[in-house]
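Written below as structure tokens is the structure these notes are about.
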Amino acid sequence: MPDNQTLAALFKRIALLLELKGENPYKIRAYRRAAEALTELDVPATVLWEEQRLTEIPGVGDAIAKKIDEYLRTGHLTFLERLEAEVPPSLIELTQLPGLGPKKVRRLWQELGITNLDALEKAAQEGRLRALSGFGPKSEARILEAIHAHRARPQGFLLGQAYPTALHLLEILRALPEIAQAEMAGSVRRGKAMVHDLELLLAAASPTEALQAALNALHAEAEIVVHPDYAEAEIQPPEGLPIHLIAAQPARWGTAWVFSTGSKTHLNALRDLATAQGHNPEAPFPTETAYYAALGLPWIPPELREGQGEIEAAQTKRLPNLITANAIQAELHSHSTWSDGRASIREMAEAALARGLRVLAITDHSQSLGVAHGLTPERLRAQKEEIRAVQAALGNQILLLQGAEVEILADGSLDYPDDVLAELDVVVASLHTSLRQPRERITERLLRAIRNPFVHIIGHPSGRLLPHRAGADLDWEAVLTAAAASGVALEINAHPRRLDLDDEHVRQAIDRGIPLAINTDAHTPTDFDNRFYGVLTARRGWATADHVINTREPKRLLAWLKQKSTKNH
DNA sequence: GCCGTTTTCGGCCCGACTGTTTTCAGTCG
């Protein structure tokens, strides 16, 4: 049965194709709203479908309910198929280029017959785009640059998609009698923000039989390739994540898990070490610990296996004691219906409590972010009353803080005056607009925010949006130097599309003693679960619990927040 | 296409920036 995300993807696709077709924008928005509602639904849509309650989903009316029904009954959607016959789906890739939206892509298609990247590139090179009004030589140059960047960017899947898929598959595989053990491997296990495939390792007395059983259970066909020590099969779903299954006998599980987890650079270093010590690097071991021990090393956490000095650290007993998800006690960046969140303060607080959090800061958007219904100082004061009321209702089970995600304006000043900022428990300062300013200008903007004594945390510092949008072109040297000097914390935004700071900058921040904050930026209760991805990113950056302010006891955290805002005053 | 203490039609988050204009359309968040 298709899950909610699959259904949502269907309606997102419809919305984009309708947009390219030039349909009524409100109809388009209706499809997007329905897709969003499906994404956020906390029960499977199939359950509501069986009970004929689909229209109870906000944003789903008769027309969309009928389409869901058709798809669930037949596996097809006639409406979408007709639409795809009318509007070339290859246009969708063009809308992913920055600066090209549906309207412009539509005109390229209608007026120049361009339907794919190659044709667009050719037309831009030949200077044929400037014939269209609204396009000039500058747009041609920017489009060529964008095409280049688009081709160069690593294609892949978000960790936030791949990880749940892996868990789901493991559940199916572990239920098979032919399989003794099944675990994640590859880049998903290492917690990379983007992955190319899903590697799953199986232990079985008969690797080939295990793989055959796995393929049957997954209703997949693939060739089973048999090697002396293991067997493997690669499932290539038409549009989805490739799944690489590897099966080995339990006696060499440890060796197989080390090799299937990678990375290449880590494995090369292990091979060199084994050879230097006169060992066979492929020797069978039942556990990873035994494998590493044979090389005189402690077990190395998968997130560190990137060839970034982890082996030297292991040899000198300097591996960090990496932060774990359950060390997080506080969420310091979340939204409610007061701005663009989907749940009330009460609902968010209860969800945070249910996940074991002891502190929750509600940090709605500030006034100038109109799209998100940002709060004026007056509404901010009104919100304070509601936070107090919810705090009173929930008692001391969880501590609620009032904060704000304050816009860093075009000149680097903040969206609230100092006296308003001073009233807040937590100030997260973030960039949302004009992210493509030249390096010097955008860096200067961020530096001004970093130096503002009222700011506790810089939210999603680079502003990147995976998989398509790179972050701002920042002078990181200057940013990190300023952050270290001001004592501001840099956020690891845990949303799978952000994971920003990325692992590399996490490590650089730690080297300079900059405090880190792992926050989910939750807009719905289920978003709190994303913190796990933030923790993986922190671990990839060698972070221990001490580096992360969210791990502190509430009292210590409050003390840090207070001293930060009273420092320099 | 959805929705209704504005209720079955007529609305449906907004504002800055950019490159192209000569008063603006399209993109983006």
Side-chain angles (χ1 to χ4, degrees), chain A residues 10-12 14-38 54-68 79-80 83 94-108 111 124 129-143 145-146 335 337-342 364-376 379 405 407-411 413 415 430-438 441-442 445 459-460 462-466 468-472 493 495 497-498 500 521 523:
Chain A
L10 230 45
F11 291 115
K12 275 186 216 158
I14 288 178
L16 193 48
L17 290 169
L18 288 175
E19 220 166 9
L20 290 163
K21 192 183 160 189
E23 259 282 5
N24 170 8
Y26 295 111
K27 188 191 280 195
I28 293 158
R29 193 194 294 166
Y31 278 108
R32 290 234 160 86
R33 279 200 40 168
E36 259 176 58
L38 284 165
L54 282 174
T55 53
E56 286 177 23
I57 304 170
V60 175
D62 289 338
I64 291 180
K66 259 180 109 169
K67 291 187 174 72
I68 297 177
F79 180 75
L80 177 58
L83 198 55
L94 302 188
T95 64
Q96 290 169 358
L97 298 175
L100 280 189
K103 299 250 172 64
K104 284 191 171 171
V105 170
R106 174 178 162 76
R107 301 206 15 241
L108 291 170
E111 295 175 37
L129 299 184
R130 62 189 76 178
L132 297 183
S133 72
F135 288 82
K138 268 196 183 170
S139 352
E140 282 175 349
R142 260 186 56 185
I143 284 170
E145 203 179 308
H335 297 272
T337 43
W338 281 78
S339 66
D340 63 349
R342 307 271 166 173
D364 275 308
H365 291 285
S366 61
Q367 49 197 350
S368 81
L369 202 65
V371 214
H373 199 47
L375 272 60
T376 60
R379 289 184 64 220
E405 182 178 17
E407 283 305 295
I408 301 172
L409 301 175
D411 63 352
S413 64
D415 198 18
S430 306
L431 292 165
H432 290 103
T433 56
S434 310
L435 289 171
R436 281 188 294 167
Q437 286 174 335
R441 218 171 129 199
I442 193 142
R445 258 173 96 190
H460 44 74
S462 89
R464 75 169 175 178
L465 277 180
L466 297 170
H468 304 308
R469 309 251 178 244
N493 190 294
H495 195 284
R497 292 198 60 195
R498 294 196 180 273
D500 174 16
D521 199 353
H523 285 69

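By convention in this document, chain letters (A, B, ...) are assigned in the order of the sequence lines, proteins followed by strands, and residues within each chain are numbered from 1.
A heavy-atom distance below 4.5 Å is not found between the side chains of A:His495 and A:His523. Side chains of A:Arg32 and A:Leu16 form a contact here, defined as non-hydrogen atoms less than 4.5 Å apart. In this structure the side chain of A:Ser139 never reaches within 4.5 angstrom of the side chain of A:Leu129, judged on heavy atoms.
Side chain of A:Arg142, nearest nucleotide from B:dT27, B:dT18, B:dG1: B:dT18. Here the nucleotide nearest the side chain of A:Lys104, chosen from B:dC2, B:dG26, B:dT20, is B:dG26. Distance from the side chain of A:His432 is smallest for B:dG29 among the nucleotides B:dC2, B:dG29, B:dT27. Among B:dC17, B:dG1, B:dT27, the nucleotide with an atom closest to any side-chain atom of A:Ser434 is B:dC17. Counting only heavy atoms from C-beta on, A:Tyr26 has its side chain closest to B:dG1 among B:dT27, B:dG1, B:dG29. Considering only the side chain of A:Ile64, B:dC2 comes nearest among B:dC2, B:dT18, B:dG26.
When the P atom is used for both B:dA16 and B:dT23, the distance is 22 Å, rounded to whole Å. Separating the P atom of B:dT6 from that of B:dC12 is a span of 14 Å, rounded to the nearest Å.
The shortest distance between the side-chain N/O atoms of A:Thr433 and the OP1/OP2 oxygens of B:dC28 is not below 4.0 Å.
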Next on the checklist: Applying side chain to side chain contact (heavy atoms under 4.5 Å, CB included) to A:Arg445 and A:Asp411, what does each step give before you reach the verdict?
Outcome noted: CA-CA 6 Å; A:Arg445 258 173 96 190; A:Asp411 63 352; over 6 Å; no
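The residue A:Lys66 sits apart from the nucleic acid: no heavy atom pair falls under 4.0 Å.
What separates NZ of A:Lys21 from C1' of B:dG1 is a distance of 13 Å, to the nearest Å. Whole-Å rounding puts the A:Lys138 NZ to B:dA25 P distance at 20 Å.
Heavy-atom distances to DNA chain B give each of A:Leu431 and A:Arg130 a nearest nucleotide, and the one nearer the 5′ end belongs to A:Arg130. Both A:Leu100 and A:Pro137 lie close to DNA chain B; mapped to their nearest nucleotides by heavy-atom distance, the more 5′-ward contact belongs to A:Pro137.
Across all strands shown, B:dT8 forms no Watson-Crick or G-U wobble pair with both distances under 3.5 Å.
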